[in-house]
Q: 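Structure in structure tokens, see below.
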Amino acid sequence: MPFRYTSAFAGDLEQHWQDIWDERGTYFAANPSGPLTDGSGAHATTPGRSFFVMDMFPYPSGAGLHVGHPLGYIATDVVGRFRRMQGDNVLHALGYDAFGLPAEQYAVQTGQHPRITTEANIVTMRRQLRRLGLGHDPRRTFATTDSDYVRWTQWIFLQIFNSWYDADATRPDGGTGRARPIDELVDAYASGRRALPEDAPARTWDELDDVARRRVVDAQRLAYVSDAPVNWCPGLGTVLANEEVTSDGRSERGNYPVYQRTLRQWKMRITAYADRLAADLDLIDWPEKVRSMQRNWIGRSEGARVVFDVANATELESIEVFTTRPDTLFGATFMVVAPEHPLLDAVPAAWPDGTRSTWTDGHASPVEAVAAYRREAGAKTAVERQADAKAKTGVFTGFLARNPVNDQLIPVFTADYVLMGYGTGAIMAVPGGDERDFAFAEAFGLPVVYTVAPPEGFAGGAHTGDGTTINSSNDEISLDGLDVDTAKSTVIAWLEARGAGTGSITYRLRDWLFSRQRYWGEPFPIVYDENDLPIGLPDALLPVDLPDVPDYSPRTFAPEDANSSPEPPLGRNEEWVHVTLDLGDGPKVYRRDTNTMPNWAGSCWYYLRYLDPSDSAQLVSPELEAFWMGPDHNPTAGAAGGVDLYVGGVEHAVLHLLYARFWHKVLYDLGHVTSVEPFHTLFNQGYIQAYAYADARGQYVPADEVVETTAGDGSTTYRWNGEEVQREYGKMGKSLKNVVTPDDMYDAYGADTFRVYEMSMGPLDVSRPWDTRAVVGSQRFLQRLWRNAVDEVTGALVVSEDEPSLETTRLVHRTIADTTVEMEAMRVNTAIAKLIVLNNHLTSLSTTPRAAVEPLVLMLAPIAPHIAEELWARLGHAESLVHHAYPVADPQHLVEDTVTCVLQVQGKVRGRLEVVPGIGEDDLRAMALADPAVLRALDGRGVRTVIVRAPRLVNVVPA
RNA sequence: GCCCUCGUAGCCCAACUGGCAGAGGCAGCCGGCUUAAACCCGGCACAGUGCGGGUUCGAGCCCCGCCGAGGGCACCA
């Protein structure tokens, strides 16, 4: 049977259509102007119909794809194709996030330059994905490693470097606080409109020399170099951002220990955007889970800053604390500062009167005690600190502070449960209202005062719940009797009036550590002069390409070697590092920055490049950005704008998605984009997982050779070569010997079958196990469809031109109506089920009516585009169906002659009636009450009430 | 410890605003086609929704408490 829809036949026709699509530019998305038109050479002419769909940027791995990887790509392709048939101008393209660690590590093993590895991997991945028949615009692809892409990544970096955050400026959207060009800050300082920061070495701009001025300004930049404690990972040979370190103090990639080291590194002032990053989550259509993860990470806390005077200070005269519970101020019986707190640089020489022996840890003076404790705390790793979290350690500092509400002198301790990096690095301790403070108070014998009335039967310990304030009054103010919220606002007002404190918001988010000591990343477009101050290179010198170096592997160390220091590979090329430039002062020798950017940099803005992939004059044309991403660019875009649909795994919930939002907001502030958010609708697809089988020794055996047997009692055993093996569920991976690749699927079934199977496995957001044996069901569906239209022996069309029966017509229109709803909601699995129903119905007819099979082919086209194109052509159409209208149901065929009405008594089904759909409530009630089955169930009981939901249901409630 | 999501047939999954527990697929069984097998075609069977309460005329769906799975956060004041 030469025309049977076999895998080989499918493969031929699929590649045939892929070639035709390429030749015709079928998937060219038209810009409203510029070089990119649709396949016929036309620009976009229908504003309001642009739809920008996007996948999370793939990393071109050397391991190749397995069947789990394309799930999201198929889903976006289906959506894109469906929208195209709905008349939208769909932009869908795919680029490659090609900088990063794996290529570098592979390079270390093989000695091959990462660029060669990366480019070879991209070629392989392109081939595998092309075979899938994705409707991407091939003109809009690129890799982050391309020199003309790197150029714009560096350009954006310089925009950020050349900006500062003016917390008082008004934005175009009406909010307060925005990035502004750094020159405007310089002008403001120079003109005296803005006072110099308090830590500046002089009062006025004129008194500062050039270097001092630059230091003042550099400290305000959104991208800045600072000496600060950072996450140093010797095993990876680089420093890492907080987001890349797990909660147990290890690197997310590689799982190596991470140490705190004070190093000079680049940071990005993402904290300036903390409030906007949190607040604008309300403007976008994201899964609640991801939004809450971001909110969590940003960690906004409302509270107050309160100043405690130090009674026996030598240098510092006060301690500022942050608290979310200012209402409990009267219960503050001691204070705690972090071991790194500057207050501890000079502590009293002797213990004050009243010092308890348990507070001193046996030391003769506060100086000794604090020095010993600081040493101890500094030596602890994050893991150790974590492990000791329950046991509270600490030592008295010798300081006594004055509680501003009641003038009581309270001891100041240092303890490592207070973190320098959060709030002010100091707390007021309220053991009556905080469990950690209570544990510390117990360990050190400190008094407990309750300021919130505990509930009856209170068992002791800290009372953290709500209640009425007690024990909280002085001569001027009383909080007693107030609820927690009122007490908070009352005491804040009192503190503010006295200058002892102020309402305040604190964030958990820290500035983003942005430099890495690796080779395979974007170099910083920065040089240093003889003062060791950074200078941004002018646009004309971009891009700064990676130099050749003798050895591009990062210098790594023993993973536990905490005292090692990072060594950037770029520093190994002296000729590159020292460069003579004329930056306005005549030719001078400068030193280049030898760090590279983290691989998040390229993915922070790639969506903009899809819009305008070859622009060399500007980042992105403002017209194109507004057209594809601007606020209200289509009916669902909303006021924030952004990519219409963004599909990817949930693993980037905090990292990539937070960084990209931050960059986008900077670009917004600086006027480069009109959208407030980069991604309007986010969808997390589930993962395709797989079974793996291990023998008695724990060795994995090839999963595709395992035989499953079910015993009489229903228990299942798995055997490989006769030997019993254990089944595990999890990832697909080479070492687990359970990998199935798309190439395997293309060979055995063809791309369309593979696509149908992946889409029919279940809802897109649910993870599910791969089952190769089940794929045949999808192939049978396509085979049946093929046979319904084409003779397998002759290849002749076998459809009839006769009018279909009323039953068939109604089913066709019902299917159209249903699949439209399902596809719009991205429920492709249920849409496929409805197509199978229609197809199975057509199979039961002696001949297939054209009027039924044509809509079916069109409805299938987004999911299985190749077979749909082929059938469409065989049905006599010269034009591709890619841009053909999706069928529209005729309402007159959606009505039915009769519907089944369910008769219930007391909620239990007792009978059924066939009724006309328009039947009236009263008629239906009468029919139900006369129904023999209902009467039998009532068994003589009276009727209390009858609930009628015409025409589907009547429920009789007996008395 | 806190928070979120999910538990429906042997398996993957449907079930609208609370209204007949079943759309589709896999596997299974029976029959047809075939010299035979595979493919294919036709048919059949299979759960009362993790457990225990509650609300309701009516609960897979809403509420409360458990159990199990997955995920996030975790000395953040």
Side-chain angles (χ1 to χ4, degrees), chain A residues 1 4 6 247-248 287-290 292-293 295-297 299-301 303 321-325 328 336 338 385-386 388-392 415-419 421-430 433-437 439-440 506-510 650-651 653-654 686 708 710 714-716 729 756-757 760-763 765-781 783-784 787 792 818 821-822 827 829-837 839-840 843-844 900-912 944-947 949 952-958:
Chain A
M1 289 189 283
R4 183 171 177 73
T6 61
S247 56
D248 56 350
E288 191 46 46
K289 176 181 169 157
V290 177
S292 78
M293 282 166 71
R295 274 198 205 97
N296 236 319
W297 189 260
R300 185 181 196 273
S301 293
V321 303
F322 174 74
T323 177
T324 56
R325 294 294 302 274
T328 63
V336 186
R385 230 167 132 144
Q386 189 76 21
D388 298 342
K390 290 223 174 66
K392 292 282 177 287
D416 64 0
Y417 83 94
V418 172
L419 311 174
Y422 185 77
T424 61
I427 62 161
M428 63 176 212
V430 184
D434 184 285
E435 281 165 15
R436 296 153 301 183
D437 296 346
F440 192 87
T506 288
Y507 299 91
R508 196 182 86 109
L509 184 71
R510 309 292 153 77
V650 73
E651 70 271 18
V654 176
E708 178 181 334
T710 306
S715 65
T716 308
Y729 180 55
V756 171
Y757 176 65
S760 62
M761 289 169 83
D765 52 353
V766 173
S767 295
R768 63 306 285 278
W770 177 262
D771 182 9
T772 299
R773 288 177 312 175
V775 180
V776 69
S778 300
Q779 189 183 33
R780 286 178 191 151
F781 164 49
Q783 273 177 342
R784 274 200 293 274
R787 262 201 312 275
E792 291 186 326
D818 289 351
V821 171
E822 302 300 299
R827 289 191 295 260
N829 54 325
T830 49
I832 291 172
K834 293 181 192 304
L835 296 180
I836 290 174
V837 171
N839 189 49
N840 286 349
T843 304
S844 73
T900 304
C901 177
V902 173
L903 304 180
Q904 298 180 339
V905 176
Q906 187 87 42
K908 292 196 166 47
V909 180
R910 297 300 183 191
R912 289 179 179 79
R944 180 142 67 103
T945 182
V946 180
I947 289 143
R949 295 278 180 275
R952 295 281 178 189
L953 178 128
V954 179
N955 186 12
V956 180
V957 185

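Sequence lines set the chain letters: A, B, ... in the order given, protein chains first and strands last, and positions in each chain run from 1.
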Q: What does A:Ser767 touch in the nucleic acid at a heavy-atom separation under 4.0 angstrom: a base, only the sugar-phosphate, or nothing?
A: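 Since only primed, P, OP1 and OP2 atoms lie under 4.0 Å of A:Ser767, the category is sugar-phosphate.
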Q: Looking only at atom P, what distance separates B:A36 and B:C46, rounded to whole Å?
A: 32 Å
Q: Which residues satisfy the side chain to side chain contact (heavy atoms under 4.5 Å, CB included) test with A:Asn296, sequence neighbours excluded?
A: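 For A:Asn296, no residue satisfies side chain to side chain contact (heavy atoms under 4.5 Å, CB included) once neighbours in sequence are set aside.
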Q: Would you mind pulling out the nucleotide paired to B:A15, Watson-Crick or G-U wobble, both distances under 3.5 Å?
A: none
Q: Among B:C13, B:G42, B:C75, which nucleotide has an atom closest to any side-chain atom of A:Asp416?
A: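 Nearest to the side chain of A:Asp416 among the choices is B:C75.
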Q: Between atom CD1 in A:Ile836 and atom C1' in B:G24, what is the gap in whole Å?
A: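 In whole Å, B:G24 C1' lies 5 Å from A:Ile836 CD1.
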Q: Does A:Pro763 reach a base, just sugar-phosphate, or nothing at all? Heavy atoms under 4.0 Å.
A: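 Result for A:Pro763 = sugar-phosphate.
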Q: I'd like to know if A:Arg912 reaches the base of B:C20 with its side chain, counting only an N/O donor and acceptor under 3.5 Å.
A: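 Per atom types, the contact qualifies.
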Q: Indicate, with a heavy-atom threshold strictly under 4.0 Å, whether A:Arg510 touches base, sugar-phosphate, or nothing.
A: base
Q: Find the distance A:Leu835:CG to B:A14:P and express it as a whole number of Å.
A: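 Rounding to the nearest Å, CG of A:Leu835 and P of B:A14 are 16 Å apart.
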Q: Among the nucleotides B:C73, B:C13, B:C12, which one has an atom lying closest to any side-chain atom of A:Met761?
A: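 Taking heavy atoms from C-beta onward, the closest nucleotide is B:C12.
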Q: Counting just side-chain N and O atoms, does A:Asn840 come under 4.0 Å of either OP1 or OP2 of B:C41?
A: no
Q: Rounded to whole Å, how long is the line connecting atom CG of A:Asp765 with atom P of B:A14?
A: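 Whole-Å distance recorded here is 9 Å.
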Q: Using atom CZ of A:Arg784 as one end and atom P of B:C39 as the other, report the distance to the nearest whole Å.
A: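 After rounding, the gap between these two atoms is 13 Å.
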Q: Between A:Ser292 and A:Ser760, who's closer to the 5' end of RNA chain B by nearest nucleotide?
A: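 Result of the comparison: A:Ser292.
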Q: Does A:Arg787 have a side-chain nitrogen or oxygen under 4.0 Å from the phosphate oxygens OP1 or OP2 of B:C41?
A: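 Answer is yes, contact under 4.0 Å.
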Q: Output the rounded distance in Å from CD (A:Glu822) to C1' (B:C16).
A: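 Rounded to the whole Å, the gap is 10 Å.
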Q: Quick one: label A:Thr324 by what it contacts on the DNA or RNA (base, sugar-phosphate, nothing), any heavy atom closer than 4.0 Å.
A: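 Here A:Thr324 touches the backbone only, sparing every base.
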Q: Atom CZ of A:Arg4 and atom C1' of B:A38: how far apart are they, to the nearest Å?
A: 10 Å
Q: Please answer whether the main-chain N or O of A:Ile947 pairs with a side-chain N or O of A:Arg949 as donor and acceptor at a distance below 3.5 Å.
A: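 Pair absent, no side-chain N/O of A:Arg949 close to backbone of A:Ile947.
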Q: What distance, rounded to whole Å, do you find between the two C1' atoms, one in B:C12 and one in B:A27?
A: 11 Å
Q: With C1' as the reference atom in both, quote the distance from B:U55 to B:C73 in angstrom, rounded to an integer.
A: 34 Å
Q: Determine yes or no for a side-chain-to-main-chain donor-acceptor pair under 3.5 angstrom, with A:Asp437 supplying the side chain and A:Val430 the backbone.
A: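 Yes; at least one donor-acceptor contact below 3.5 Å.
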Q: What are the two closest heavy atoms between A:Thr900 and A:Arg912, and how far apart are they?
A: CG2-CD, 3.9 Å
Q: Mind checking who B:C73 pairs with, Watson-Crick or G-U wobble, both distances under 3.5 Å?
A: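 Partner of B:C73: B:G1.
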Q: Considering only atom C1', compute the distance from B:C61 to B:A14 and round it to an integer number of Å.
A: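 These two C1' atoms come out 14 Å apart once rounded.
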Q: For B:U56, which nucleotide in any strand shown is its Watson-Crick or wobble partner with both distances under 3.5 Å?
A: none
Q: Of all the choices, B:A77, B:G72, B:G58, which nucleotide is nearest to the side chain of A:Leu419 once you look at every atom?
A: B:A77
Q: With a 4.0 Å cut-off on heavy atoms, is A:Val946 in touch with a base, just the backbone sugar-phosphate, or nothing at all?
A: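 Counting heavy atoms under 4.0 Å across all strands, no contact is made by A:Val946.
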Q: Give a yes/no on whether any side-chain N or O of A:Ser301 is located under 4.0 angstrom from OP1 or OP2 of B:A77.
A: yes
Q: Quantified in whole Å, what is the P atom distance between nucleotide B:G48 and nucleotide B:A9?
A: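 Nearest-Å result for B:G48 against B:A9 at atom P: 9 Å.
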Q: Classify the angle between the aromatic ring planes of A:Phe322 and A:Tyr422 as parallel (below 30°), tilted (30 to 60°) or perpendicular (above 60°).
A: perpendicular
Q: Using the side-chain heavy atoms of A:Leu953, tell me which of these nucleotides is nearest: B:G19, B:A77, B:A14.
A: B:G19
Q: Now, which nucleotide makes the Watson-Crick or G-U wobble pair with B:A37, with each of the two distances under 3.5 Å?
A: none
Q: What is the distance, rounded to the nearest whole Å, between atom CD1 of A:Ile947 and atom C1' of B:C20?
A: 16 Å
Q: Of all the heavy-atom pairs spanning A:Tyr757 and A:Asp771, show the shortest one and how long it is.
A: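 Minimum heavy-atom separation between A:Tyr757 and A:Asp771: OH-O, 3.4 Å.
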Q: Considering only the C1' atoms, how many Å lie between B:C44 and B:A37, rounded to the nearest integer?
A: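 Roughly 23 Å separates the two C1' atoms.
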Q: Can you name the salt bridge (charged side-chain N to carboxylate O under 4.0 Å, His left out) partners of A:Arg508, sequence neighbours left out?
A: none
Q: Which nucleotide in the set B:A77, B:A14, B:G71 lies at the smallest distance from any side-chain heavy atom of A:Lys289?
A: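 Nearest listed nucleotide: B:G71.
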Q: Please check if the side chain of A:Arg787 supplies one atom and the backbone of A:Thr843 the other of a donor-acceptor pair under 3.5 Å.
A: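 Absent.
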Q: How is A:Ala774 classified with respect to the nucleic acid when contacts are heavy atoms under 4.0 Å: base, sugar-phosphate, or nothing?
A: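 The residue A:Ala774 makes sugar-phosphate contact but no base contact.
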Q: Rounded off to whole Å, could you give me the CZ-to-P distance for the A:Phe440 and B:A77 pair?
A: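 After rounding, the gap between these two atoms is 19 Å.
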Q: Quick one: label A:Ile832 by what it contacts on the DNA or RNA (base, sugar-phosphate, nothing), any heavy atom closer than 4.0 Å.
A: nothing
Q: I want to verify a distance call: between B:C73, B:C40, B:A77, whose nearest atom is closest to the A:Arg508 side chain?
A: B:C73
Q: Where do A:Pro763 and A:Arg768 come nearest, in terms of heavy atoms and distance?
A: O-NH2, 2.8 Å
Q: When you measure only distances, ignoring hydrogens and angles, does the side chain of A:Gln904 come within 3.5 Å of the base of B:G19 through a donor and an acceptor?
A: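 Side chain to base: pair found, below 3.5 Å.
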Q: According to the Watson-Crick and G-U wobble definitions, with both distances under 3.5 Å, which nucleotide is paired to B:G7?
A: B:C67
Q: A:Pro769 side chain: which of B:C26, B:G24, B:C12 is closest?
A: B:C12
Q: Within less than 4.0 Å of OP1 or OP2 of B:C11, is there a side-chain N or O belonging to A:Arg768?
A: no
Q: Determine the interatomic distance between C1' on B:C11 and the same-named atom on B:G72; round to the nearest Å.
A: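 These two C1' atoms come out 29 Å apart once rounded.
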Q: What is the pairing partner of B:C46, taking Watson-Crick or G-U wobble pairs with both distances under 3.5 Å in any strand?
A: none
Q: Between A:Arg300 and A:Thr506, is there a donor-acceptor pair closer than 3.5 Å when you use the side chain of the first and the backbone of the second?
A: no
Q: Between A:Val909 and A:Val957, which is nearer to the 5' end of RNA chain B once each is assigned its nearest nucleotide?
A: A:Val909
Q: Can you tell me whether the base of B:G18 sits syn or anti, using the 90° cut around 0 to define syn?
A: anti
Q: Given the C1' atoms of B:U49 and B:A21, what is the spacing between them in whole Å?
A: 8 Å
Q: Between B:C26, B:C73, B:C75, which one does the side chain of A:Val776 approach most closely?
A: B:C26
Q: Any side-chain N or O of A:Arg780 under 4.0 Å from OP1/OP2 of B:C26?
A: yes
